[in-house]
Amino acid sequence: RDRNCDLDSPKGLLYKQPGITLGRCDVVAVTPWSAPIVWEETFDPVLVDAIYKPKNLTIATTVFAIGKYIRFLRDFLETAEKHFMVDFKVHYHIFTDQLQDVPAVDLAAGRKIFVHQVPKLKRWQDISASRMQMIQTIIEEQLYREADYIYCQDVDAKFHFRWGAETLDRLVGQIHPWFYDLGRDQFTYERRPESTAYIPPGEGDFYYIGAMFGGRVEEVYKLVKSCHENLEADKANGIEAAWQEESHLNWYLLYNKPSKILSPEYLWDDLRGKANVMKVVRLSHILKNYAEVREN
Ligand code: UDP
Ligand code: MN
């Protein structure tokens, strides 16, 4: 089977006729550059699966569990087995400094865990930001050959509901749950022109969260390479962007528009409680004691 991912739909599958005037009226489901914003009830999961499952895709996901964050890995993996790309070939790429503590989790057929040993850096900011470089390297060494799509996720999160093939696209960004209802001038973009992540006032689409981005392997490669180079350029100039790699990700996705955007359903924050636009929570960042998990 070839690795061509152009859409082709199954014959004879019966599903609800697409509407022109009806649908979700409480949320926007398309950007000004015509990319979908994915919300519950804007797609038919049976149809989506019927389109994508025959393509025999391999979906890689990267997850870092360094230092105390290893404690989040079991829940992440166990809940991913229940809700993340169910019935697809998923390759979990786990980056950790504690190989012996990676939990043994039962995986469905066709799903695999790859463990990569990485050093533990001292500052949490550096651990988080170094993901860009490590993802770049794993794509070069392995994923170009082995995966069609790659989704890069935080480990301190749990799946609760379908997180499926409706998320697949060329370049995918995730709206941050704390900023989806704010104006662009309240976004915590990097505001110092000296940084390569600088975004001037008056510009900006969404505030994207650093905890989830993805898409086709070759597109994510361009993203992580650019963010890594800009992180290095800033370091050479003695400046660190306000939110490290998240600031650089926001710069990249402003000037390289994503082809699909995930609503906050795809990464909510348990601290925010329940919001009216949220018909489901698919994945949520769990509550954690920042001071405790980040101390060495
Ligand atoms: N991380 C890690 N060990 C650390 C700090 C961070 O493994 O000591 C990884 C982990 O995958 C985590 C991600 O980097 O989910 C982002 O850090 P964090 O979750 O603390 O950022 P936040 O979501 O709170 O902004
Ligand atoms: Mn996190």
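FYI, the numbering just counts along the sequence from 1. Every number for a ligand or one of its atoms is a count from 1 in the order of the listing.
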Q.
Would you say that I150 contacts I135 through its side chain, given a criterion of any heavy-atom pair below 4.5 Å between the two side chains?
A. yes
**Q.** Pair E81 + R111: basic N to acidic O under 4.0 Å
**A.** yes
Q. NE2 (H285) to the Mn ion (ligand 2) to OD2 (D156): angle, nearest 10 degrees?
A. 90°
**Q.** Atom of D154 closest to the Mn ion (ligand 2), considering N, O or S atoms
**A.** OD2
Q. Taking the six-membered ring for Trp, are the ring centroids of H83 and H160 within less than 6.0 Å of each other?
A. no
Q. Does ligand 1 have a heavy atom under 4.0 Å from the side chain of I127, from its backbone, from both, or from neither?
A. side chain
Q) Measuring from the heavy atoms of F95, does anything fall under 4.0 Å of ligand 1? A) no
Q: Tell me which part of H285 gets within contact of ligand 1: side chain, backbone, both or neither, using heavy atoms under 4.0 Å.
A: side chain
(Q) Using heavy atoms and a 4.0 Å limit, tell me yes or no: is R131 in contact with ligand 1? (A) yes
Q: Please write down residue, atom name and distance for the protein heavy atom closest to atom 3 (N) of ligand 1.
A: I66 O, 2.8 Å
Q) N/O of V293 under 3.5 Å from N/O of ligand 1, yes or no? A) no
(Q) Against the six-membered ring of W178, is R272 placed for a cation-pi contact (under 6.0 Å from the centre, within 45° of the normal)? (A) yes
Q.
Quick check on contacts: which atoms of ligand 1 are under 4.0 angstrom from a heavy atom of Y290?
A. 24 (O)
Q) Do F114 and H91 have ring centroids that are under 6.0 Å from one another? A) yes
Q. Is it the case that more than 12 heavy atoms not belonging to K257 sit under 6.0 Å from its NZ atom?
A. yes
Q. For W124, is at least one N or O under 3.5 Å away from an N or O on ligand 1?
A. no
(Q) Using a 4.0 Å heavy-atom cut-off, which part of F64 comes near ligand 1: side chain, backbone, both, or neither? (A) both
Q. Cation over ring, R192 on Y198, under 6.0 Å and within 45°?
A. no
(Q) Tell me the contacting part of K68 for ligand 1: side chain, backbone, both, or neither, using a 4.0 Å heavy-atom threshold, strictly below. (A) neither
Q.
When you measure from the heavy atoms of K120 to every atom of ligand 1, does any distance fall below 4.0 Å?
A. no
Q) Applying a strict 4.0 Å limit to heavy atoms, is S128 in contact with ligand 1? A) yes
Q.
Measuring from non-hydrogen atoms of A65 to any atom of ligand 1, is the shortest distance under 4.0 Å?
A. yes
Q: Around atom 15 (O) of ligand 1, find the nearest protein heavy atom and jot down its residue, atom name and distance.
A: D156 OD1, 2.8 Å
Q: Decide whether a cation-pi geometry holds between R282 and W163; the criteria are a distance under 6.0 Å from NZ or CZ to the six-membered ring centre and an angle within 45° of the ring axis.
A: no
Q | Heavy-atom gap R294 to ligand 1 smaller than 4.0 Å | A | yes
**Q.** Electrostatic pair R162-E166, nearest N-O below 4.0 angstrom
**A.** yes
Q) Is the shortest side-chain N to carboxylate O distance from K68 to D156 below 4.0 Å? A) no
(Q) Using a strict threshold of under 4.0 Å (side-chain N to carboxylate O), is an ion pair present between D169 and K260? (A) yes
Q) Which ligand 1 atoms, with their elements, are less than 4.0 angstrom from a heavy-atom of V155? A) 10 (C), 11 (O), 15 (O)
Q) So which protein heavy atom does atom 18 (P) of ligand 1 come closest to, and at what separation? A) Y69 OH, 3.7 Å
Q: Give a yes or no on whether the backbone of E190 and the side-chain of W243 come within a donor-acceptor separation of less than 3.5 Å.
A: no
